[in-house]
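Single-structure report; data block below.
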Amino acid sequence: MWPSAPCPLLDAAGETCGTSVELTISEALRDPLIAMVMRADGVTCEDLKMLLETAARRAETNLSDDRQEQWDSRE
């Protein structure tokens with residue numbers, strides 16, 4: 001069995017396994033392999049959640065900016 005989870009979100013690990021090519025933030029926080037690496041690196045669940053949410057916001061902003069540039073270049 002898996003070692004105790006570093007955060008409550010990890011208790012339901014594996015329930016979405018194989019349903020998507022990329023993990024959602026909540027799936028990543030529940031993944032047992034990610035949990036083991038987090039534990040080894042001393043990373044908390046909240047640390048990883050904040051990092052992933054920040055990266056998602058930046059990616060969304062960059063995508064939005066790229067779309068605007070494409071739109072502007074058409075004019």
Side-chain angles (χ1 to χ4, degrees):
M1 195 66 204
W2 298 107
S4 62
C7 72
L9 294 174
L10 293 166
D11 291 333
E15 67 187 37
T16 58
C17 183
T19 60
S20 177
V21 174
E22 295 183 10
L23 297 175
T24 65
I25 292 174
S26 62
E27 288 169 340
L29 292 171
R30 292 190 310 258
D31 184 273
L33 182 57
I34 292 173
M36 290 170 34
V37 173
M38 287 170 52
R39 192 175 300 110
D41 290 343
V43 175
T44 68
C45 184
E46 190 59 32
D47 291 339
L48 182 60
K49 182 180 177 188
M50 288 182 353
L51 173 69
L52 294 174
E53 288 173 344
T54 299
R57 278 192 302 275
R58 287 182 183 169
E60 187 174 304
T61 299
N62 290 341
L63 181 58
S64 178
D65 290 347
D66 288 346
R67 287 181 181 157
Q68 184 63 46
E69 287 175 13
Q70 288 176 351
W71 180 260
D72 291 345
S73 67
R74 292 181 193 184
E75 296 176 358

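Every value quoted in this text rests on a predicted model; they were computed, and no experiment measured them. Heavy atoms only: backbone and side chains are in, while hydrogens, waters and symmetry mates are out.
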Roughly how far, to the nearest 0.5 Å, is the SG atom of Cys45 from the CZ atom of Arg39? 11.0 Å

Check the hydrophobic clustering (I, L, V, M, F, W, Y; side-chain heavy atoms under 4.5 Å; chains of links allowed) and say if Val37 and Leu51 are grouped together. no

Might you point out which heavy atoms bring Glu27 and Glu22 nearest each other, and give the distance in Å? OE1-O, 4.0 Å

Who passes side-chain hydrogen bond (donor to acceptor under 3.5 Å, both in side chains) against Arg57, sequence neighbours left out? Thr54

For Leu52, enumerate each residue passing the side chain to side chain contact (heavy atoms under 4.5 Å, CB included) test, keeping only those at least two apart in sequence or located in another chain. Ile25, Ala28, Leu48

Taking all atoms of both residues into account, what is the closest heavy-atom pair of Asp31 and Ile34, and its distance? OD1-N, 3.0 Å

